[in-house]
Visitor: 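The structure that follows is given in the form of structure tokens.
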Amino acid sequence: MPTLRIVTWNINSVRLRLPLLADLVRDLAPDVICLQETKCPDDLFPHAGVEALGFPHRAVRGMKGYNGTAILSRIPFALRPGDPDWCAKGDCRHLGVDLAVPGGLEVHNFYVPAGGDIPDRGANPKFAHKLDFIAEATAWDAARGPARRAVMMGDLNIAPLESDVWSHRQLLDVVSHTPVEVAALEGWQRAGGWHDAIRHFVPPPEKLYTWWSYRARDWEASDRGRRLDHIWVSQDLASHLRDWRIHRTARGWTQASDHVPVLVELDV
């Protein structure tokens, strides 16, 4: 049975960090890369540079300076044009494709709103947007029924487990780990019947992080991370999971993103 290596990464500007994308390809040898926060209008996307890395199949949905998603693939795919425009904002936070592997594979790339600094729907419109976005995604998945032959990944901007943050107690009132966000993300996961591909290999209470703040003087020494980037698979693919990696080394690259790539390998 062939295997598929698929990566999610919040690249924090695809044009600025195109050289780091080459490092990712060298280190992880992915077949499919899902990028978030590309911060690039579609007409300025660096297609030639990505093509040179061996990814002839690309879907991009970007805007100037903010947000943006892209799917880069060695394998042909068809864009899913009927997927929703979340919260009717047109803010380039999702791409879905059907990958041309035997039996087909649905791939979804999400960039959930960060939610600002104040965890209060009434006082912070950004936090309200985050909760509304997840509520819409949950309702969409519930209406579709349990996922089949599908992978959902991206920067979901929530660290749901106590072992997904450096300090559960100190982050309970911090956006990304508040109880209301955790409950919302868990509801979305249940609605689609999704299986956490990384925790499949590394169950709690072992700590896992994918993001370290730029504000830290020495991110590695302080190690105050959060697991904000996730890969979920449909239940029928859980037994197909073969390998995983959180590429922590990437946080130390020159001009690094504050997120690191996350990879799973599965039989398809």
Side-chain angles (χ1 to χ4, degrees), residues 3-77 79 91-97 99 101 105 107-112 114 151-157 197-198 209-214 219-220 225 227-231 243-266:
T3 61
L4 178 76
R5 293 172 65 82
I6 190 162
V7 166
T8 180
W9 187 28
N10 179 323
I11 195 170
N12 193 13
S13 177
V14 66
R15 287 184 290 173
L16 177 64
R17 295 189 169 85
L18 184 61
L20 300 188
L21 192 60
D23 293 339
L24 181 158
V25 171
R26 176 199 66 211
D27 291 354
L28 300 183
D31 301 300
V32 178
I33 304 173
C34 290
L35 299 177
Q36 305 87 42
E37 217 171 349
T38 53
K39 297 182 177 180
C40 179
D42 293 351
D43 60 340
L44 296 179
F45 190 86
H47 285 286
V50 173
E51 179 95 23
L53 295 176
F55 295 87
H57 309 285
R58 299 177 296 277
V60 299
R61 184 168 291 157
M63 57 194 293
K64 183 179 180 180
Y66 299 95
N67 306 340
T69 49
I71 297 178
L72 321 175
S73 180
R74 301 187 191 278
I75 301 163
F77 60 70
L79 187 66
D91 55 358
C92 308
R93 292 184 177 275
H94 172 229
L95 266 175
V97 302
L99 204 63
V101 297
L105 187 71
V107 176
H108 291 279
N109 177 17
F110 276 93
Y111 176 44
V112 171
V151 183
M152 201 285 283
M153 71 199 73
D155 176 3
L156 305 187
N157 263 314
I198 300 304
Y209 312 138
T210 66
W211 173 91
W212 293 261
S213 175
Y214 284 135
W219 70 272
E220 192 166 23
R227 187 172 72 110
L228 303 180
D229 306 271
H230 302 269
I231 302 178
D243 202 2
W244 73 284
R245 188 185 306 181
I246 294 175
H247 197 39
R248 181 184 172 107
T249 301
R251 186 60 181 83
W253 288 343
T254 301
Q255 288 193 310
S257 171
D258 46 357
H259 297 254
V260 299
V262 181
L263 171 142
V264 297
E265 181 177 311
L266 67 159

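What you see is a predicted model, and the numbers here were worked out from it, not measured in a lab.
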Visitor: Heavy atoms only: give me the nearest Leu18-Gly49 pair and the separation to one decimal.
Guide: CD2-CA, 4.1 Å

Visitor: Quick one: are Ile231 and Val151 in side-chain contact, heavy atoms under 4.5 Å?
Guide: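 In short, these two side chains touch, coming nearer than 4.5 Å.
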
Visitor: Side chains of residues 20-29: which donor-acceptor pairs under 3.5 Å do they make with residues two or more places apart or in other chains?
Guide:
from	atom 1	to	atom 2	distance (Å)
Asp23	OD1	Arg26	NH1	3.1
Asp27	OD2	His247	NE2	2.9

Visitor: Test Leu105 against every option in Val32, Leu4, Ile6 by the side-chain contact (heavy atoms from CB on, under 4.5 Å) rule and name the one that passes.
Guide: Leu4

Visitor: What is the distance from atom CZ of Arg61 to atom OG1 of Thr38, rounded to the nearest 0.5 Å?
Guide: 11.0 Å

Visitor: Is the Phe110 ring parallel, tilted or perpendicular to the His94 ring (thresholds 30°, 60°)?
Guide: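 Geometry flag for His94 against Phe110: parallel rings.
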
Visitor: Could you tell me the separation between the OH atom of Tyr214 and the OG atom of Ser257, rounded to the nearest 0.5 Å?
Guide: 4.5 Å

Visitor: Any chance you could measure Thr8, atom OG1, to Leu35, atom CG, to the nearest 0.5 Å?
Guide: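 One finds 8.0 Å between OG1 of Thr8 and CG of Leu35.
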
Visitor: Any ring pair (Phe, Tyr, Trp, His ring centres under 6.0 Å) involving residues 12-37? Give me the pairs, sequence neighbours left out, ordered by first then second residue.
Guide: none

Visitor: Please list, one pair per line, the donor and acceptor atoms closer than 3.5 Å that link side chains of residues 65-74 to other protein atoms, with sequence neighbours excluded.
Guide:
from	atom 1	to	atom 2	distance (Å)
Asn67	OD1	Arg93	NH2	3.2
Asn67	ND2	Asp91	O	3.1
Ser73	OG	Ile75	N	2.8
Ser73	OG	Ile75	O	2.6
Arg74	NE	Pro30	O	3.0
Arg74	NH1	Gly54	O	3.0

Visitor: To the nearest 0.5 Å, tell me how far Asp229 CG sits from Tyr111 OH.
Guide: 10.0 Å

Visitor: Is the shortest heavy-atom distance from the side chain of Asp258 to the side chain of Arg251 under 4.5 Å?
Guide: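 A side-chain contact under 4.5 Å exists here.
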
Visitor: Taking all non-hydrogen atoms of both residues into account, name the closest pair between Cys34 and Val107 and its distance.
Guide: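 Shortest heavy-atom separation between Cys34 and Val107 comes out as SG-CG1, 4.0 Å.
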
Visitor: Determine whether Asn12 and Arg17 satisfy the following criterion, side-chain contact (heavy atoms from CB on, under 4.5 Å), listing intermediate values before the conclusion.
Guide: CA-CA 8 Å; Asn12 193 13; Arg17 295 189 169 85; 3.6 Å; yes

Visitor: Would you give the length of the straight line joining atom CG of Asp155 to atom CD of Glu37, rounded to the nearest 0.5 angstrom?
Guide: 7.0 Å

Visitor: Could you give all pairs that pass the ring pair (Phe, Tyr, Trp, His ring centres under 6.0 Å) test and reach residues 15-51, with sequence neighbours left out?
Guide: Phe45-His47

Visitor: Report yes if the side chains of Asn109 and Val97 come closer than 4.5 Å at any heavy-atom pair, otherwise no.
Guide: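 Not in contact.
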
Visitor: Within the 4.5 Å heavy-atom criterion, are His230 and Val262 side-chain neighbours or not?
Guide: no

Visitor: Identify the heavy atoms of Val264 and Ala197 that sit nearest to each other, and give their distance.
Guide: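 That would be CG1-CB, 3.8 Å.
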
Visitor: Which pairs with one or both residues in residues 41-51 pass salt bridge (Lys or Arg N to Asp or Glu O under 4.0 Å), sequence neighbours excluded?
Guide: Glu51-Arg58

Visitor: Considering non-hydrogen atoms only, spot the tightest contact between Pro46 and Cys40 and give its length.
Guide: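 Scanning both residues completely, I find the closest heavy atoms to be CD-SG, 4.4 Å.
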
Visitor: Within the distance-only criterion (no hydrogens, no angle test), does the side chain of Gln36 pair as donor or acceptor with the backbone N or O of Asn10 below 3.5 angstrom?
Guide: yes

Visitor: Any chance you could measure His57, atom NE2, to Leu79, atom CG, to the nearest 0.5 Å?
Guide: 14.0 Å

Visitor: Please check if the side chain of Trp219 supplies one atom and the backbone of Ser213 the other of a donor-acceptor pair under 3.5 Å.
Guide: no

Visitor: Does the side-chain contact (heavy atoms from CB on, under 4.5 Å) test come out yes or no for Val260 and Trp212, once each step is laid out?
Guide: CA-CA 9 Å; Val260 299; Trp212 293 261; 3.8 Å; yes

Visitor: Applying salt bridge (Lys or Arg N to Asp or Glu O under 4.0 Å), name anything that partners Arg5, two or more places apart in sequence or on another chain.
Guide: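 Applying salt bridge (Lys or Arg N to Asp or Glu O under 4.0 Å) to Arg5 gives Glu265.
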
Visitor: With a 4.5 Å heavy-atom cut-off, do Gln255 and Leu16 have their side chains touching?
Guide: yes

